[in-house]
Protein chains: 2
Amino acid sequence: MNKPSDALITDEPVEMGQLEDSFGFLVRMTQVRVFEAFFNGVGHFDLKPGEYSVLWIISLNPGVRQGEVARRLSIKPAHMTKLIQRLEARDFLTRQIPDSDRRSVRLTLTAAGQTFVDTHKDAYFTYYEMENCLSAVEMAQLTKLLQKFIGIEKGRS
Amino acid sequence: MNKPSDALITDEPVEMGQLEDSFGFLVRMTQVRVFEAFFNGVGHFDLKPGEYSVLWIISLNPGVRQGEVARRLSIKPAHMTKLIQRLEARDFLTRQIPDSDRRSVRLTLTAAGQTFVDTHKDAYFTYYEMENCLSAVEMAQLTKLLQKFIGIEKGRS
DNA sequence: CGATAATAGTTTACATGGAAACATTTTCCA
DNA sequence: TGGAAAATGTTTCCATGTAAACTATTATCG
């Protein structure tokens, strides 16, 4: 039915120059690949990785402040508001305004939310274990370097 | 004027669990950091990295087809159209429809476009050389691993 | 040849995400 | 105290980017 070789082989090679050494470019391309892998894997679930990660954080930190979640995930407050509204509309979490500080919002998973987190844990944590050009050792190296780059220190060997 | 320590220190630590080992999460966080570094560096220029990379590719491949540029940069066709329209409106490039295939669009830089590429080359290629937690050797390792991940093979040792 | 399929790019209609301004509440001091 | 400043979310508006449908052109092959 399809002849991908014909479609993918480019008659006109494109010179990229030192763009191929640009860290910013490489990170963006990596992001694209990971995103594609997601849609080929758990994409049929209706929560995107960012939304799942919010549920994940709340699951580990019941009653956490909304702003704290946003800060740790580098999600902007304005975006976080909409995201939380969606998750609340799906009955995955509840918002509670504590008397101790009535500006803030504290988040807790509903039973349905916790069930979703538990049920799809493997899917959301392994979709990036796609076929790629790296060995398991190299992936571990890469993961460790990225952790260090963004300032996560993992003491383990 | 500012007391960043007060603002940044979090009274409520947030547990991330194995999210810190998730490759997808790490890539996204890295992307955010690189983006921040861009805005603290060349952000005052009015072309974003993606737009500059388009000019860069055209500079290295005069007369390249628009779709080829899009494919190599993983930019979707619909987005590419708007992007090219903006760059054309700024008089950075010209679109030409060849008689050999009047469906396609071939792109060439104007003198102003070439000047922009030349003038800001260092800025756009080094903004990610920001202060981070990695040594030069580690950055080189990371770069090489990312290249391999996305399928760029650089033969050099 | 000529109908059908494939290709290239554009348009439209929408989803995503962010900046700035805002409302509310709390903190900080003078 | 009480008024200014800061903190927390939300709202509004806008920029970015995508999918699907569409136009125009070229290729396919019966």
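Nothing here was measured: the structure is a model prediction, and the numbers come from that model. The sequence lines fix the lettering, A, B, ..., with proteins before strands; numbering per chain opens at 1. Hydrogens, waters and symmetry mates are skipped; everything else that's a heavy atom, side chains included, is used.
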Quiz item: Within the structure shown, what part of the strands sits under 4.0 Å from B:R106 by heavy-atom distance: base, sugar-phosphate, or nothing?
Solution: nothing
Practice problem: Would you check if the side chain of B:Q96 reaches a backbone N or O of B:T108 as a donor-acceptor pair within less than 3.5 Å? | Solution: no
Quiz prompt | B:F116-B:L60 co-clustered via ILVMFWY side chain contacts under 4.5 Å | solution = yes
Practice problem: Give one of base, sugar-phosphate or nothing for B:T81, where a contact means two heavy atoms less than 4.0 Å apart. | Solution: base
Quiz item: Distance from B:Q66 atom CD to B:I75 atom CD1, nearest 0.5 Å?
Solution: 10.0 Å
Quiz prompt | Between D:dT11 (P) and A:M80 (CE): distance, integer Å | solution = 15 Å
Quiz item: To the nearest angstrom, how far is B:R103 atom CZ from C:dA6 atom C1'?
Solution: 8 Å
Quiz item: On DNA chain D, nearest-nucleotide positions of B:P98 versus B:E51: which is more 5'?
Solution: B:E51
Quiz item: Taking CD1 from A:I97 and C1' from D:dA7, how many angstroms apart are they, rounded to a whole number?
Solution: 15 Å
Quiz item: For the rings on B:F149 and B:F23, is their centre-to-centre separation under 6.0 Å?
Solution: yes
Distances for protein N/O vs nucleotides 14-18 of chain C N/O pairs under 3.5 angstrom?
from, atom 1, to, atom 2, distance (Å)
C:dT16, OP1, A:K48, NZ, 3.2
C:dG17, OP2, A:H79, NE2, 2.9
C:dG17, N7, A:K82, NZ, 3.4
C:dG18, O6, A:K82, NZ, 2.8

Practice problem: Give the rounded distance in Å between these two atoms: CD of A:Q96 and C1' of D:dG9. | Solution: 15 Å
Practice problem: Output the distance between atom CG (B:L55) and atom CG (B:L87), rounded to the nearest 0.5 Å. | Solution: 5.0 Å
Quiz item: Is A:Q85 touching bases, backbone alone, or none of the nucleic acid, heavy atoms closer than 4.0 Å?
Solution: sugar-phosphate
Exercise. Using atom types as modelled and distance alone, determine if a side-chain donor or acceptor of B:S22 lies under 3.5 Å from a backbone N or O of B:Q18.
Key: no
Exercise. Could you tell me the separation between the CZ atom of A:R95 and the C1' atom of D:dT10, rounded to a whole number of Å?
Key: 9 Å
Exercise. Please state whether the phosphate of C:dA8, meaning OP1 or OP2, lies under 4.0 angstrom from any side-chain nitrogen or oxygen of B:R65.
Key: yes
Exercise. Please round to 10 degrees the angle between the axis of the first five pairs and the axis of the last five pairs in the helix from C:dC1-D:dG30 to C:dA30-D:dT1.
Key: 10°
Practice problem: Check the hydrophobic clustering (I, L, V, M, F, W, Y; side-chain heavy atoms under 4.5 Å; chains of links allowed) and say if B:F39 and B:V32 are grouped together. | Solution: no
Quiz item: Separation of B:F35 atom CZ from D:dA15 atom P, in whole Å?
Solution: 14 Å
Exercise. Starting from P on D:dT16, measure out to CZ on B:F38 and report it in whole angstrom.
Key: 11 Å
Quiz item: Any sub-3.5 Å donor-acceptor pair from B:R28's side-chain atoms to A:L73's backbone N or O?
Solution: yes
Practice problem: Find the distance A:I84:CD1 to D:dT8:P and express it as a whole number of Å. | Solution: 16 Å
Quiz item: When rounded to the nearest 0.5 angstrom, what is the spacing between CH2 in A:W56 and OH in A:Y124?
Solution: 13.0 Å
